[in-house]
Amino acid sequence: MKFGLFTYKDRNQHFNVGDHIQSLAAKQYLPRVDRLIERDSLSLLDLNEETAVIMNGWYTHEPDHWPPVDLLKPFFISFHLNSSHANKVLSKNENVEYLKKYSPIGCRDTGTVKLLQEKGINAYYSSCLTTTLDINYATEEKSDEILIVDVLYKDDLFTQYKEYPRKILSGIKTGKILSLFKRDKKIKSIIPDSILKRAKYVTHSYANKDYNEEERFVLAENLLKRYAKAKLVITSRIHCALPCIAMGTPVVFISGGGLSESSEMSRLKGVIEHLNVVSTEPISLDNSISKEINLLDPKKIDWENIKNPKGYIRYADKLKSSCLEFVQQITD
């Protein structure tokens with residue numbers, strides 16, 4: 001049996017290194033990586049031998065490329081089926097039967113659990129595999145860095161218009177361009193000047209042309225090492241925040257704005273319950289996931305003494321044992 005690790009097709013001019021962080025979470029459990037597998041081309045793979053893969057992450061930009069080829073042997077854990085394409089995937093009986101064949105399906109969010117169970121697929125909430133990144137990346141070495149990572153990035157119109165100039169015309173037509181400065185005002189209403197002045201700014205969005213695939217994995221590893229040492233991280237990226245709680249780095253997740261859209265909340269429910277959360281808009285959290293939900297009032301935050309919730313640990317421990325068991329069954 002060979003072992004595969006997910007890689008990701010370029011879709012726009014920029015890539016999200018959070019995808020590679022999810023792959024690194026899976027890589028921790030593999031005895032080796034025999035080949036890279038493009039996540040959104042699973043029905044098109046040209047495999048000569050059975051290849052095992054941990055099927056964590058976001059699915060899918062290419063719903064027509066399902067189900068995966070027969071020689072791919074999946075372990076479904078921390079699986080997210082995005083609401084934007086879920087109906088297309090689950091409307092095909094062969095896809096439903098495929099998921100039933102490899103059930104139970106461990107889902108990283110409660111929305112995916114519901115979608116699968118409605119189709120009679122045995123599914124359960126597993127949480128996200130990036131909460132186990134302490135295995136390879138936790139460290140006792142700490143820095144004084146305060147990192148602000150893509151806070152309210154869905155509302156960062158300056159970056160969006162720079163990366164995708166065609167959106168400018170749409171922004172003018174819809175009036176959205178009038179909101180250019182709202183994001184900065186929201187951030188300043190949450191994060192005090194004393195923190196903003198000391199912070200360094202980091203992004204998960206990088207130009208495709210600047211990095212080949214190997215370099216993207218190195219970039220992801222270097223970010224994880226930096227997060228592991230940081231004094232404090234403030235972010236709206238779940239694959240920054242969840243690795244931080246795994247590695248013991250104090251982290252605050254800021255929600256709201258574009259992150260409140262239904263397609264975004266479909267991937268966040270069951271994820272942000274494990275975090276310290278500040279939301280710019282009303283938000284509903286599920287206390288069945290964690291009894292230690294920390295919905296913070298920004299006016300009362302002690303930014304020098306952030307303590308992460310610990311509700312994620314029981315799920316992370318189960319994720320670790322499940323992935324190790326999957327690999328052990330193959331290698332025995």
Give a yes or no on this: more than 12 heavy atoms of other residues, nucleotides or ligands lie within 6.0 Å of atom [atom1] of [X].
| X | atom1 | value |
| --- | --- | --- |
| D144 | CG | no |
| K229 | NZ | no |
| D317 | CG | yes |
| K9 | NZ | yes |

Going through the checks in order, is the side-chain contact (heavy atoms from CB on, under 4.5 Å) test met by F75 and S322?
CA-CA 10 Å; F75 176 49; S322 297; 4.0 Å; yes
[X] side chain near [Y] side chain, heavy-atom distance below 4.5 Å:
| X | Y | value |
| --- | --- | --- |
| K142 | K231 | no |
| N122 | L99 | no |
| I301 | I190 | no |
| P68 | Y98 | yes |
| K186 | V151 | no |
| P104 | Y124 | yes |
| Q117 | I121 | no |
| K92 | W66 | no |

Single-linkage hydrophobic cluster [X]~[Y], side-chain heavy atoms < 4.5 angstrom:
| X | Y | value |
| --- | --- | --- |
| I187 | V278 | yes |
| L47 | L30 | no |
| F6 | L219 | no |
| Y137 | V33 | yes |
| I135 | I77 | yes |

What heavy-atom pair brings [X] and [Y] nearest, and what distance separates the two atoms?
| X | Y | value |
| --- | --- | --- |
| R35 | D46 | NH1-O, 3.3 Å |
| A220 | I21 | CB-CG1, 3.9 Å |
| C323 | I54 | SG-CD1, 4.3 Å |
| K73 | D70 | NZ-O, 3.1 Å |
| I234 | I254 | CG2-CD1, 3.6 Å |
| M55 | P74 | CG-CB, 3.4 Å |

Check: [X] ring centre within less than 6.0 Å of [Y] ring centre:
| X | Y | answer |
| --- | --- | --- |
| F79 | Y59 | yes |
| F326 | Y29 | no |
| H204 | Y153 | no |
| Y211 | F15 | yes |

Do side-chain atoms of [X] reach the backbone of [Y] as a donor and acceptor pair under 3.5 angstrom?
| X | Y | answer |
| --- | --- | --- |
| S126 | S78 | yes |
| S255 | S279 | no |
| S41 | E38 | no |
| N276 | I306 | no |
| S103 | I105 | no |
| E281 | G256 | no |
| N12 | H14 | no |
| T51 | E49 | yes |
| N95 | V89 | yes |
| H65 | S43 | no |

For K188, is there an ion pair with D193 - N to carboxylate O distance below 4.0 angstrom?
no
Less than 4.0 Å between a side-chain N and a carboxylate O, is that true for R32 and D34?
yes
Using salt bridge (Lys or Arg N to Asp or Glu O under 4.0 Å), reason through K101 and E94 one step at a time and then give a plain yes or no.
CA-CA 10 Å; K101 178 180 178 180; E94 62 178 326; over 6 Å; no
Here the gap from L36 atom CG to T7 atom OG1, rounded to the nearest 0.5 Å, amounts to 5.5 Å
Please say which of T131, D134, T132 ends up in a side-chain hydrogen bond (donor to acceptor under 3.5 Å, both in side chains) with K320.
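Of the listed options, the one satisfying the test is D134.
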Among E221, E213, H239, which residue meets the side-chain hydrogen bond (donor to acceptor under 3.5 Å, both in side chains) test with H20?
E213
Exercise answer: donor-acceptor pairs, residues 195-203 side-chain atoms, under 3.5 Å, sequence neighbours excluded:
from, atom 1, to, atom 2, distance (Å)
R198, NH1, E304, OE2, 2.7
K200, NZ, E145, OE2, 3.3
T203, OG1, D150, OD1, 2.9
T203, OG1, D150, OD2, 3.3
T203, OG1, S205, N, 3.1

Any side-chain donor near an acceptor of the partner, [X] and [Y], under 3.5 Å:
| X | Y | answer |
| --- | --- | --- |
| D19 | N16 | no |
| T112 | H80 | yes |
| R39 | Q22 | no |

Determine, step by step, whether L42 and I37 satisfy the side-chain contact (heavy atoms from CB on, under 4.5 Å) criterion, reporting the C-alpha distance in whole Å, the side-chain angles of both residues, the deciding distance to 0.1 Å, and the verdict.
CA-CA 8 Å; L42 297 181; I37 292 173; 3.9 Å; yes
The side chain to side chain contact (heavy atoms under 4.5 Å, CB included) partner of V233 among I148, L147, I245, V252 is L147
Start with the C-alpha distance between V113 and D109, add both sets of side-chain angles, then the distance that settles side-chain contact (heavy atoms from CB on, under 4.5 Å), and finish with yes or no.
CA-CA 7 Å; V113 175; D109 58 278; over 6 Å; no
Kindly indicate, with the supporting measurements, whether the criterion side-chain contact (heavy atoms from CB on, under 4.5 Å) is fulfilled by L232 and V251.
CA-CA 6 Å; L232 171 66; V251 60; 6.0 Å; no
Run the side chain to side chain donor-acceptor pair (under 3.5 Å) test against R216 and tell me which residues pass, sequence neighbours left out.
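D10.
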